[in-house]
Protein chains: 2
Amino acid sequence: MTAPDTPPIPSRREARRQDRRDAILTVAQTYFLEHGFAGTTMSGIAAELGGSKGTLWSHFPSKEALFAAVVERAAKAYQAQLSQILNVDEALELTLQRACRSLIEKVTSPDGSALHRLIVAQGRRFPELSQIFFDLAPQNTRLLLADFLHGAMMRGQLRPADPVDAARALLSLSLSGCHQQMLIGRIDRPAPNEIAADATFAVDIFLRAYAP
Amino acid sequence: MTAPDTPPIPSRREARRQDRRDAILTVAQTYFLEHGFAGTTMSGIAAELGGSKGTLWSHFPSKEALFAAVVERAAKAYQAQLSQILNVDEALELTLQRACRSLIEKVTSPDGSALHRLIVAQGRRFPELSQIFFDLAPQNTRLLLADFLHGAMMRGQLRPADPVDAARALLSLSLSGCHQQMLIGRIDRPAPNEIAADATFAVDIFLRAYAP
DNA sequence: ATAAAATCGTACCATAGAGTACGCTATTTC
DNA sequence: GAAATAGCGTACTCTATGGTACGATTTTAT
């Protein structure tokens, strides 16, 4: 019997390799988010990385694979962002406004919107990535918010209704302003007061529709 | 003095040339909508067209120019579609539901969603096209709807409010279901009952928020 | 020290695809 | 009928780029 060799050997070499892999992903991410899939070149990444093309292919078997890895990673980071939206402490209206503002800010950030566009652009070619993105970003946010709204309904602050539907309504209202414009490419960055305006608009309509 | 030659001479030759140009645009449109900008090849278009590459370049100086022409044309056709949404004849709720259903149908049609994706994907590279699309599609629809809602407000069927905002709310609620999923690429075609459900959902919330 | 692994550097291959050149043919104009 | 025009077909150029090969170099493991 040979000693256990294949199992967890987080040796030093392994760590180094992971570092390199991470560096590749980081550089690739900025490229993909900035220039899209077609506009990104492997040679460009290698050059910016300061490394060799061989290394690239030793980590990822193809441009597609690299792209997939980048998107998954970015989507996870995005999710982490979006999960920090609800901090329950104030009156319902204020809490919701704060949450919406926070959401819009994150969703209209350069990386956020670039990721969104990337997914839309490549949705046909990489359906699995769409799935991952959807579960991690909109779906996750919706469920978090739904949970909170459910609580508010139980406390009688909102009329009883399907919380997931309610979340969907509030979210879509929130993203109907700046975010739409960004996605389409009409504006590059929203003005801060635009964000606040979108949030109050959304919450206002939402509260009217879901008043107890 | 030579005779007036440059002015309007819609001669036979001219007409023929227009026909050819139209044929090119038609073929190119199916390609671009189906495969995106990068995925479309000029050679492919020429082949499908049955014509020669030279002809392509004699009508459009570059792939970009052809793309722009295609998008403008498709956006206009799209607008024509979207303008036929409101037929005022029934009770407010039914009218709105019908309008929303009609809108969702058109927006989630293969060509509609493909165009939308194309705009999102190429928004950075062709800002002018984004502008055109925006004016022709979302903006136009919003204004049409706003006009109708304004009437309803005057008649006391809705509470007084900014009609454009109201239209924006109703539209964003309508597109929060199937349309989102299509854009992201999670589904290919929505089920008809999904469309109806989205419409009733949107109108329900809208009417609660804008009740007199 | 020595072997193995990872990386680097660089040159290279193959393919695709935008755009051009040019001669031939069909249609239109006058 | 002659001249101009539009289009056809085909072959070609040129560049970008994904991906490979390979020997030299550095780092890690034993």
Side-chain angles (χ1 to χ4, degrees), chain A residues 2-28 31-32 34-71 122 125-126, chain B residues 2-28 30-32 34-70 122 125-126:
Chain A
T2 56
D5 27 34
T6 31
I9 322 172
S11 57
R12 196 158 164 189
R13 208 171 241 160
E14 188 86 4
R16 226 183 137 71
R17 193 166 163 78
Q18 276 303 321
D19 284 358
R20 208 68 191 121
R21 184 189 160 95
D22 262 26
I24 295 176
L25 284 174
T26 301
V27 173
Y31 260 83
F32 279 124
E34 180 109 14
H35 307 294
F37 181 79
T40 297
T41 78
M42 297 293 269
S43 309
I45 294 175
E48 171 114 358
L49 188 67
S52 133
K53 291 176 71 173
T55 308
L56 270 189
W57 269 270
S58 94
H59 282 275
F60 305 95
S62 69
K63 188 182 179 182
E64 273 83 11
L66 175 57
F67 180 73
V70 164
V71 171
Q122 306 296 330
R125 205 193 320 204
F126 303 93
Chain B
T2 56
D5 27 35
T6 31
I9 322 171
S11 59
R12 198 158 163 189
R13 210 170 242 158
E14 187 86 3
R16 229 183 135 72
R17 192 165 165 80
Q18 276 304 321
D19 283 357
R20 207 70 191 120
R21 184 189 160 96
D22 262 26
I24 294 176
L25 284 174
T26 302
V27 173
T30 71
Y31 260 82
F32 279 123
E34 180 109 13
H35 308 292
F37 181 79
T40 297
T41 78
M42 297 293 270
S43 309
I45 294 174
E48 171 114 359
L49 188 68
S52 132
K53 291 176 71 172
T55 308
L56 270 189
W57 268 271
S58 94
H59 281 276
F60 305 96
S62 71
K63 187 182 180 181
E64 272 82 10
L66 175 57
F67 180 73
V70 163
Q122 304 297 330
R125 203 192 321 202
F126 303 92

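Residue numbers start from 1 in every chain, and the chains themselves are labelled A, B, ... in the order their sequence lines are given, proteins ahead of strands.
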Is the phosphate of [N] approached by [X] (side-chain N or O, under 4.0 Å from OP1 or OP2)?
{"X": "A:S58", "N": "C:dT7", "answer": "yes"}
{"X": "B:R17", "N": "D:dG7", "answer": "yes"}
{"X": "A:T55", "N": "C:dC8", "answer": "yes"}

Is a donor on one side and an acceptor on the other found under 3.5 Å between the side chain of [X] and the backbone of [Y]?
{"X": "A:T26", "Y": "A:D22", "answer": "yes"}
{"X": "B:K63", "Y": "B:F37", "answer": "yes"}
{"X": "A:T40", "Y": "A:H35", "answer": "no"}

Item to check | Polar pair under 3.5 Å, donor/acceptor by atom type, side chain A:K53, base C:dG9 | outcome: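 A donor-acceptor contact between them is absent.
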Checklist entry - Does any N or O donor sit under 3.5 Å from an N or O acceptor when you compare the side chain of B:S52 with the base of D:dG9? => result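 Such a pair exists between side chain and base.
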Distance check needed: [N] [atom2] versus [X] [atom1], whole Å only.
{"X": "A:W57", "N": "C:dG9", "atom1": "CH2", "atom2": "P", "result": "16 Å"}
{"X": "A:H59", "N": "C:dA5", "atom1": "NE2", "atom2": "P", "result": "15 Å"}
{"X": "B:M42", "N": "D:dC12", "atom1": "CE", "atom2": "P", "result": "22 Å"}
{"X": "B:L66", "N": "C:dG17", "atom1": "CG", "atom2": "P", "result": "16 Å"}
{"X": "A:L56", "N": "C:dC8", "atom1": "CG", "atom2": "P", "result": "9 Å"}
{"X": "B:R21", "N": "D:dG7", "atom1": "CZ", "atom2": "C1'", "result": "16 Å"}
{"X": "B:L49", "N": "D:dC8", "atom1": "CG", "atom2": "P", "result": "7 Å"}
{"X": "B:F37", "N": "C:dA18", "atom1": "CZ", "atom2": "C1'", "result": "10 Å"}

Checklist entry - How many angstroms lie between atom OG of B:S43 and atom CG of B:L56, to the nearest 0.5 angstrom? => result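 Atom-to-atom, B:S43:OG and B:L56:CG are 8.5 Å apart.
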Next on the checklist: Just so I know, are the side chains of B:L25 and B:L66 near enough to count as touching, which here means a heavy-atom distance under 4.5 Å?
Outcome noted: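 Heavy-atom side-chain distance check passes, below 4.5 Å.
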Return the minimal non-hydrogen interatomic distance between [X] and [Y], and the atom names on each side.
{"X": "B:K53", "Y": "B:A46", "result": "CG-CB, 3.9 Å"}
{"X": "A:S58", "Y": "A:R17", "result": "O-NH2, 2.9 Å"}
{"X": "A:I24", "Y": "A:T55", "result": "CD1-O, 4.4 Å"}
{"X": "A:S52", "Y": "A:G54", "result": "OG-N, 3.0 Å"}

Next on the checklist: From the set C:dA18, D:dG19, C:dG19, return the single nucleotide nearest to any side-chain atom of B:S62.
Outcome noted: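 So the nucleotide nearest the side chain must be C:dG19.
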Checklist outcome for this item: A correct 5'-to-3' footprint of nucleotides 23-30 of chain D, with B, S and - meaning base, sugar-phosphate only and no protein heavy atom under 4.0 Å, is ----BBS-
Item to check | Inter-axis angle, terminal five-pair segments of the helix from C:dA1-D:dT30 to C:dC30-D:dG1 [nearest 10°] | outcome: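 Answer for the end axes of this duplex: 20°.
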Item to check | Aromatic ring proximity, centroids under 6.0 angstrom, A:F60 and A:F67 | outcome: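 Centroid distance A:F67-A:F60: not below 6.0 Å, so no.
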Next on the checklist: Once you apply a heavy-atom cut-off of 4.0 Å, does A:G50 come out as touching a base, just sugar-phosphate, or nothing?
Outcome noted: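 A:G50: backbone/sugar contact only, no base atoms under 4.0 Å.
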